[in-house]
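Reading through the structure tokens given below for one structure.
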Amino acid sequence: MPVLAEPRPPSRGERRFTAAVAAGPLPGAAAAVRGGLFVLVARAGIQGLQLLVLLWLARLLPPREFGLVALITAVLGAGQLVQDLGLSAATVQRPDLRHGEASTLFWITVALSALLSLLGLLLAPLLAAFYQEPSITPLALALALGFLLGGAGAQHRALLLRQQRHRRLALIGLLSTAAGCLSALWLAHQGAGAWALVAQQLVGGLLATVLLWQASPLSPDRFQISPAVREMLRFGGHFLGFRLLGYGAHNLQVVLVGRELGAASAALFTRAYWLAQQALGYANDTAGQLAQAALPRRLEDPAAFERYYLRSLHAVLLATAPLAALCLGYGDRLIGLLFGPAWGASGELLRILAVGMWVQPVLYSTGWLYTARGETRALLRWGLFGWTVMILASLIGLQQGLPGLAWAWSLGQWALLLPGCALAWRGPGIRPSAVLAVAAPPLLAALLALALSWPLLPDPGRASPALGLLPVLGVFALVYPAAVLVWPGQRPLILPLLAAVWPRHPLSASRS
């Protein structure tokens, strides 16, 4: 009789991984809410630090230096999406995960990252020739090495997210961001120009990867393709395709601006677009991360599914509606205050982009529904249509210069709103009337706050930018929350959020 081989005993790494990751279920709603608070705090700290350093660097470096790096990242930045293959999302969402599967995903990510680094090295001189900027070549060569850093830590980061170890991720993010920012400031003071911005990315990425390896339970082992890995690759591939379409649609704008109008114009547009996306992303990305774990658990209960989606969308709009209103009314003053007079042209672009900021969070939220249902193929099909519309709009808008390009983005968001929502809100159904009921009050309250604060805005030159905006922002900060709270039906939606953030607040006790 043949002798059956004894099963290989699990290694120390496998035992550690199983105890930390594979044995535990995906986090429930309560854990997701608590984790979301850490995500918000960490993101606020990181973005605040980045903004302060950016304001400092904007006074040390001319716009052209920022434009050179923007032109490179518009092309090479796509590799940061490709190197992950969407596998981080699959790792976080998958109900069960084994050590061998995580190890295989790690090796796939690292191999692709190495390939992308090599491709970036080959593209560097071609980018310099395309933009007719010889100084781009060494900068692109250095930035291409960042692919290896990101790929080496992608699965470790995803596993920490899966474990809901938000405190550790927050610390890693803050430390790596601080290291990158300090290196950028030191080099900028030394007259390094655009190299300060390159060092910011590389130093921060290196430290983040080292800390992620130290904190994560993953010790990579064998490479072995299994049915589970193939399933995760399919899920990640469709998700990646959608993200690449979005990345390409925006960065085609940067490439075209750099080619037609020069690096300085590219810097002006990307500064306004970056500020708009930072304002939206703080709420969008946090809610999306929580929805990724919570919504799939509610598919069997359509009422609970809709309720969670509506409350998440309402929380996002509570945060983004006032930011959109402020950018619409005072974008030029805010740009001048934050970045100085050299960036004045970005202010008008920000005001135009604010027109689309009103509805972009609603469009963004439809992605939660596709991923919760596992319909990443349908998400990719929608992306093919939606981002094609945005690319065509950009080509048309660019004929009118930078303002035309900004209008193309904003009007494109409005044009895609109805078809995008109609496709995503199908079964399990999301009622349009219910969405309108939670979306209208924050948007209208923000408009009211803008209307009442506008008369206080002084004429340019009569007061310093900071002092001139103080009474305006003060009135806005008083009117907006008051208008939301007195709106019929808003208190039952807002009080649970307050209870999650501040359980002992007097209003939290009456949330029922």
Side-chain angles (χ1 to χ4, degrees), residues 47 50-51 53-81 127 130-131 133 135-136 139-140 143 146 180 184 188 193-198 200-201 243 246-282 323 327 331-332 334-336 338-357 360 387 390-391 393-395 397-398 400-410 412-413:
Q47 287 190 341
Q50 289 175 332
L51 180 59
V53 173
L54 179 61
L55 299 181
W56 197 340
L57 290 173
R59 287 160 171 79
L60 295 174
L61 304 176
R64 184 179 181 277
E65 302 298 310
F66 288 91
L68 290 174
V69 176
L71 293 178
I72 299 170
T73 55
V75 178
L76 297 187
Q80 296 175 356
L81 301 178
L127 288 176
F130 177 78
Y131 290 122
E133 288 280 1
S135 56
I136 278 180
L139 297 173
L143 286 172
W195 282 103
L197 304 176
V198 173
Q200 183 177 9
Q201 297 186 36
R243 294 178 65 194
Y247 182 90
H250 165 61
N251 285 282
L252 178 62
Q253 299 172 333
V254 180
V255 171
L256 292 174
V257 171
R259 176 70 175 177
E260 300 297 327
L261 304 178
S265 294
L268 293 173
F269 179 79
T270 54
R271 179 61 62 241
Y273 187 85
W274 176 86
L275 194 58
Q277 293 306 308
Q278 289 293 303
L280 296 175
Y282 181 71
L323 296 175
C327 290
D332 52 344
L334 291 172
I335 288 286
L338 294 175
F339 301 109
W343 298 87
S346 294
E348 189 59 33
L349 298 178
L350 180 59
R351 296 185 68 181
I352 298 172
L353 293 173
V355 175
M357 289 172 63
Q360 195 267 356
W387 294 119
M390 295 300 298
I391 290 173
S394 299
L395 292 173
L398 188 60
Q400 304 300 319
L402 294 181
L405 194 59
W407 276 115
W409 184 85
S410 287
Q413 299 297 304

(request) Give a yes or no on whether the backbone of Gly347 and the side-chain of Arg351 come within a donor-acceptor separation of less than 3.5 Å. (result) no

(message) Quick check for you: to the nearest 0.5 Å, what is the distance between Leu353 atom CG and Trp274 atom CH2?
(response) 14.0 Å

(request) For the residue pair Leu280 and Leu323, establish whether any side-chain heavy-atom pair is separated by less than 4.5 Å. (result) no

(message) Measuring from atom CG of Leu334 to atom CG of Leu350, what distance do you get when rounded to the nearest 0.5 angstrom?
(response) 7.0 Å

(request) For residues Leu57 and Phe66, determine if any side-chain heavy atom of one lies less than 4.5 Å from a side-chain heavy atom of the other. (result) yes

(message) For Leu61 versus Glu65, what's the shortest heavy-atom pair and its separation?
(response) CB-CB, 4.3 Å

(message) Please give me the minimum heavy-atom distance between Met357 and Trp409, naming the atom from each residue.
(response) N-CZ3, 3.9 Å

(request) Indicate the atoms forming the closest heavy-atom contact of Gly356 with Ser410, along with that distance. (result) N-OG, 3.1 Å

(request) Would you name the heavy atoms of Ala140 and Ile72 that are closest together and state the gap between them? (result) N-CD1, 3.8 Å

(message) Does Gln201 form a side-chain contact (heavy atoms from CB on, under 4.5 Å) with Leu197? I'd like the steps, not just the answer.
(response) CA-CA 7 Å; Gln201 297 186 36; Leu197 304 176; 5.6 Å; no

(message) Could you measure the distance from the CG atom of Leu60 to the CG atom of Leu55? Nearest 0.5 Å is fine.
(response) 11.0 Å

(request) Measure across Ala272 and Leu349 and return the closest heavy-atom pair with its distance rounded to 0.1 Å. (result) CB-CB, 3.8 Å

(message) Give me the atom names and distance for the closest heavy-atom approach of Arg64 to Ser135.
(response) NH2-OG, 4.2 Å

